[in-house]
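Encoded as structure tokens, the structure appears first; notes follow it.
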Amino acid sequence: MKVYKTEDIRNIALIGGAKSGKTTMAESMLFEGKMITRRGAIEDKNTVSDYRPIELERENSVHSTLLHTVYNEKKINIIDTPGFSDFVGDTIAALNVTDTALFMINGQAGVEATTETAWRQTVSAKSPVVFSVNQLDHHGANFDETVRALKDYFGEKVTVVQYPVNPGEGFDTIIDLILMKQLKFKEGGGEPEISDIPDQEKDKAEDLHLALVENAAEGGEHLMEKYFENDTLTIDEMREGVELGLVSRSIFPVMCSSAKHGIGTTRLLDFITKSCPPPNNMPARKTTDGKEYACNASDPTALFVFKTSIEQHLGEVSFFKVYGGEVTEGLDLINPRTGNKERISQLFALNGKTRDKVERFVAGDIGTTIKLKDVATGDSLMDPKNANAGFEKFELPEPLYTVAIKAANSADDEKMGAFLNEMHKTDPTLRVEFSRELKQMLVKSQGEFHINTVKWYLKSNNIEVEISTPKTPYRETITKTANADYRHKKQSGGSGQFGEVHLRIMPYTEGYKNPTDIPIRGTDVHDLPWGGKLVFNNCIVGGAIDARFLPAILKGIMERMNEGPLTGSYARDIVVYIYDGKMHPVDSNEISFKLAGRNAFSIAFKNAGPKIMEPINDVEIRVPEEYMGAVMTDLQGRRGIIMGMGAEGKSQVIKAKVPAAEMGRYATSLSSITSGRGIFSMKFDAYQQVPSDVQEKLLKAYEEAQQEED
Ligand SMILES: Nc1nc2c(ncn2[C@@H]2O[C@H](COP(=O)(O)OP(=O)(O)OP(=O)(O)O)[C@@H](O)[C@H]2O)c(=O)[nH]1
Ligand SMILES: [Mg+2]
């Protein structure tokens with residue numbers, strides 16, 4: 001494949017609501033650019049973009065796909081992203097490296113919940129946005145309504161650049177307000193027949209043209225002056241104004257299409273090549289040490305890896321954008337994260353699973369390579385002379401939906417773990433960890449659909465799994481002071497075991513005060529790995545217990561802290577005073593004191609007003625006004641405490657503190673309460689005491705589980 005210069009490259013992310021027609025549009029764009037000779041369809045399971053078995057089976061995109069086409073001698077890189085918000089990680093990655101976000105809007109459905117989610121991603125990524133109202137061939141499509149909704153949601157900068165003359169069945173004609181011409185397309189696509197705007201459309205076209213010119217002129221002061229001088233702009237000035245306005249997000253052009261019938265595609269490609277910014281006209285990207293790369297081919301080489309996939313027969317494929325210089329086969333680059341050298345082997349331009357070998361990629365281009373040693377999504381690859389720092393990674397959302405996973409057949413455990421790790425590598429929003437505390441393998445994801453894809457992959461590799469709600473990581477602590485003595489004594493055969501410990505425990509709080517009736521001879525403060533503290537005081541006088549046995553006593557107590565006396569959860573925030581005990585001249589040893597310490601601690605713990613603490617999450621929920629009531633009622637049912645609410649754009653934002661134990665399947669519930677319009681984020685806040693009825697239930701459940709084990 002030919003090598004393209006920076007200014008001849010356009011990078012587009014296809015984003016938007018599920019099933020709006022992104023993949024079908026990508027297919028149409030590839031067809032018009034002669035990358036393929038016939039257009040595949042979702043229903044025929046033969047599109048270039050949705051090629052993976054899971055996508056064919058489900059008829060929707062599950063991963064982003066890198067594609068490219070050529071139009072007006074420009075190379076257009078296209079990243080087709082999945083619409084379901086469970087796969088938001090791919091959308092974020094795509095927006096991070098593309099220059100323009102091309103939004104597909106289903107002309108029948110208007111602004112869907114997923115459109116709003118994707119929009120917010122473009123706000124954080126500061127992406128230029130072009131809308132295409134798609135599916136205009138559908139009898140239910142309503143262009144004017146859709147534009148009204150777009151303006152309603154996204155503001156008056158939403159600017160009509162085209163409108164359909166005959167939406168609905170047989171749709172083939174568009175009025176283009178930059179060209180001020182009528183475009184009539186043939187079924188299947190191709191170049192339109194261009195004619196003058198018919199009389200009956202002239203007034204409407206003039207009005208909309210004027211609005212477009214005004215918005216385009218706002219792209220730059222020099223354009224504004226020209227507009228005041230001449231009362232209009234030339235086509236080239238409008239294009240310049242649109243490009244500048246796209247970059248500064250002061251214009252969001254609206255185009256028309258029927259991806260399925262190829263209507264509008266060539267003009268959309270034309271618009272992309274003439275009015276969307278090339279990579280070198282976008283703001284420069286900074287490295288973490290402040291160097292700027294503005295997609296300049298004469299800069300030192302700098303690559304950012306935004307995606308990793310694992311393909312059959314190829315292994316790991318790294319997807320990158322070139323931010324500086326160029327990359328060629330055999331080039332040595334440094335990964336600043338590892339400090340290691342990576343030699344670039346073959347370079348490929350992709351169209352789905354079809355690979356085209358490329359000799360080099362210059363600044364601004366997006367490409368792939370294979371066989372890198374240790375490179376992950378988010379890494380940079382830099383010229384050795386300039387390799388102190390790489391580019392900032394993109395931020396991924398916190399997990400929203402966590403499940404415990406277990407292989408149905410324990411012989412598959414290892415295989416399952418390997419697959420899960422592989423999945424994390426290709427989708428970093430999917431996190432896998434073995435919780436030693438809960439003794440469960442946890443998969444943290446964005447939603448139920450996300451987890452279903454995990455199940456699907458494992459199943460297709462012959463691994464059946466059991467998915468369950470994960471246990472809650474409770475904590476145990478005490479509320480008052482208690483003393484306990486314990487004597488461990490065992491006489492069996494030869495040497496016996498003997499150890500006796502007298503201790504006092506007290507709740508640990510910041511600035512706590514030691515009791516006055518016990519002399520303290522030594523204090524060790526232990527920061528517990530699971531949060532909180534254990535303060536261990538040696539208060540032994542008169543050699544009642546040898547100093548050499550104190551570590552064993554501490555060990556015994558730690559064991560119990562590790563598996564708390566109430567529910568087996570971690571205990572925290574306790575001050576211990578070892579103030580007396582007894583030894584036996586022959587039988588005392590470490591094991592005896594460990595057991596004595598452990599048991600004395602258990603007894604004291606139970607008498608010290610023990611309580612169970614649960615993790616509380618900060619939750620932020622965003623819903624349309626009409627669902628507020630239902631969402632609040634549901635939160636109360638989850639023991640949530642509302643911390644605040646307020647309007648933000650068209651949504652209401654509710655902030656609440658909710659016990660993590662109640663938020664397990666919230667992603668699914670919220671979606672069903674709000675007909676898919678609600679979204680939320682969630683983060684651990686702090687531990688809080690559980691209400692007494694919950695404590696009762698937990699104690700009982702633990703006791704029963706213990707009995708079953710016995
Ligand atoms: N009538 C009509 N149907 C369309 C059009 N574009 C896409 N479709 C259909 O809409 C459905 C979804 O199309 P896709 O291209 O998979 O949509 P998508 O946005 O990629 O969907 P996800 O990847 O799941 O987010 C398919 O059945 C397409 O055939 C169009 O312009 N007109
Ligand atoms: Mg798709």
Side-chain angles (χ1 to χ4, degrees), residues 12-32 36 38-67 78-91 94 101-119 121 131-143 146 162 164 166-174 185 187-189 255-268 351-352 446-447 449-450 452-453 456 676:
I12 307 295
L14 274 169
I15 70 170
K19 302 218 165 273
S20 52
K22 300 177 289 297
T23 299
T24 309
M25 176 53 83
E27 190 77 8
S28 179
M29 287 177 157
L30 263 55
F31 176 72
E32 299 296 359
I36 49 178
R38 63 180 290 258
R39 287 178 307 136
I42 300 293
E43 291 72 13
D44 300 336
K45 303 187 189 291
N46 60 353
T47 62
V48 178
S49 184
D50 283 0
Y51 65 90
R52 304 165 185 94
I54 186 169
E55 296 176 324
L56 298 175
E57 187 181 312
R58 303 197 164 194
E59 297 193 358
N60 60 257
S61 308
V62 171
H63 303 279
S64 62
T65 306
L66 175 62
L67 310 148
I78 303 166
I79 304 181
D80 176 25
T81 68
F84 283 100
S85 45
D86 291 48
F87 308 116
V88 64
D90 267 357
T91 308
L102 176 55
F103 248 102
M104 287 287 130
I105 305 288
N106 182 343
Q108 310 164 55
V111 174
E112 298 172 87
T114 37
T115 315
E116 266 187 282
T117 319
W119 170 264
Q121 302 305 338
F131 293 105
S132 186
V133 179
N134 191 39
Q135 312 222 6
L136 283 171
D137 59 293
H138 204 281
H139 63 85
N142 189 331
F143 180 80
T146 305
Q162 298 181 327
N166 57 343
E169 234 156 281
F171 162 66
D172 63 355
T173 307
I174 292 168
F185 288 84
E187 166 64 33
M255 312 290 284
C256 296
S257 60
S258 161
K260 189 168 181 173
H261 298 281
I263 314 296
T265 310
T266 46
R267 174 62 185 120
L268 195 49
N351 260 330
Q446 291 296 310
F449 196 34
H450 208 183
N452 285 342
T453 62
W456 190 95

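Model, not experiment: these values are computed from the prediction. Both counts, for ligands and for their atoms, begin at 1 and track the order of listing.
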Do the side chain of [X] and the main chain of [Y] share a donor and acceptor less than 3.5 angstrom apart?
{"X": "Asp50", "Y": "Glu55", "value": "no"}
{"X": "Thr65", "Y": "Ser49", "value": "yes"}
{"X": "Glu27", "Y": "Ala259", "value": "no"}

What's the shortest heavy-atom distance between [X] and [Y], and which atoms?
{"X": "Thr81", "Y": "Leu14", "answer": "OG1-O, 2.8 Å"}
{"X": "Leu67", "Y": "Ala26", "answer": "CD1-CB, 3.6 Å"}
{"X": "Ser61", "Y": "Thr23", "answer": "OG-OG1, 2.9 Å"}
{"X": "Ala101", "Y": "Ile15", "answer": "CB-CD1, 4.1 Å"}

Residue [X] vicinity, atoms of ligand 1 by number, heavy atom under 4.0 Å:
{"X": "Ile42", "value": "13 (O), 14 (P), 15 (O), 16 (O), 26 (C)"}
{"X": "Gly21", "value": "6 (N), 7 (C), 13 (O), 14 (P), 15 (O), 17 (O), 18 (P), 19 (O)"}
{"X": "Gly83", "value": "22 (P), 25 (O)"}
{"X": "Asn134", "value": "5 (C), 6 (N), 31 (O)"}

Inset, instruction - Work out whether the distance between some heavy atom of Ser20 and some atom of ligand 1 is less than 4.0 Å. - result: yes
Inset, instruction - Consider ligand 1: state whether an atom of it lies below 4.0 angstrom from any non-hydrogen atom of Met104. - result: no
Could you identify the single nearest non-hydrogen protein atom to [atom] and state the distance to 0.1 Å?
{"atom": "atom 1 (N) of ligand 1", "value": "Asp137 OD2, 2.9 Å"}
{"atom": "atom 31 (O) of ligand 1", "value": "Ala259 N, 3.0 Å"}
{"atom": "atom 18 (P) of ligand 1", "value": "Lys22 N, 3.4 Å"}
{"atom": "atom 24 (O) of ligand 1", "value": "Asn60 CB, 2.9 Å"}
{"atom": "atom 21 (O) of ligand 1", "value": "Lys19 N, 2.9 Å"}
{"atom": "atom 8 (N) of ligand 1", "value": "Gln135 NE2, 3.5 Å"}
{"atom": "atom 23 (O) of ligand 1", "value": "Ser61 OG, 2.8 Å"}

For ligand 1, is there an N or O atom under 3.5 Å from any N or O atom of [X]?
{"X": "Asp80", "result": "no"}
{"X": "Leu136", "result": "no"}
{"X": "Ala18", "result": "no"}
{"X": "Lys260", "result": "yes"}

Inset, instruction - Could you give me a count of protein N/O/S atoms that are under 2.8 Å from the Mg ion (ligand 2)? - result: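 Those protein atoms number 2 in total.
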Legend entry - Part of Glu43 with heavy atoms under 4.0 Å of ligand 1, whether side chain, backbone, both or neither: side chain
Legend entry - Part of Thr24 with heavy atoms under 4.0 Å of ligand 1, whether side chain, backbone, both or neither: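 Near ligand 1, Thr24 shows its backbone as well as its side chain.
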Legend entry - Single hit among Thr266, Ile36, Thr265, Val48 for side-chain contact (heavy atoms from CB on, under 4.5 Å) with Phe31: Ile36
Inset, instruction - With the side chain counted from C-beta on, respond yes when Trp456 and Pro53 share a heavy-atom pair under 4.5 Å apart, and no when they do not. - result: yes
Legend entry - Lys45/Glu59 salt bridge by N-O under 4.0 Å criterion: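 So Glu59 pairs with Lys45 through a salt bridge.
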Legend entry - Aromatic ring pairing His450/Phe87, orientation class (parallel under 30°, perpendicular over 60°, tilted between):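 Answer is perpendicular, since the angle exceeds 60°.
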Legend entry - Whether Phe131 and Trp119 hold their rings parallel, tilted or perpendicular, with breakpoints at 30° and 60°: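 Answer is parallel, since the angle falls under 30°.
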Legend entry - Approximate separation, where rounding is to 0.5 Å, of Ile263 CD1 and Ser28 OG: 8.5 Å
Inset, instruction - Go through the side-chain N and O atoms of Thr117 and Ser85 and say whether any donor and acceptor fall under 3.5 Å apart. - result: no
Legend entry - All pairs passing salt bridge (charged side-chain N to carboxylate O under 4.0 Å, His left out) where residues 78-91 contributes a residue, at least two apart: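 Output for this query is empty, none listed.
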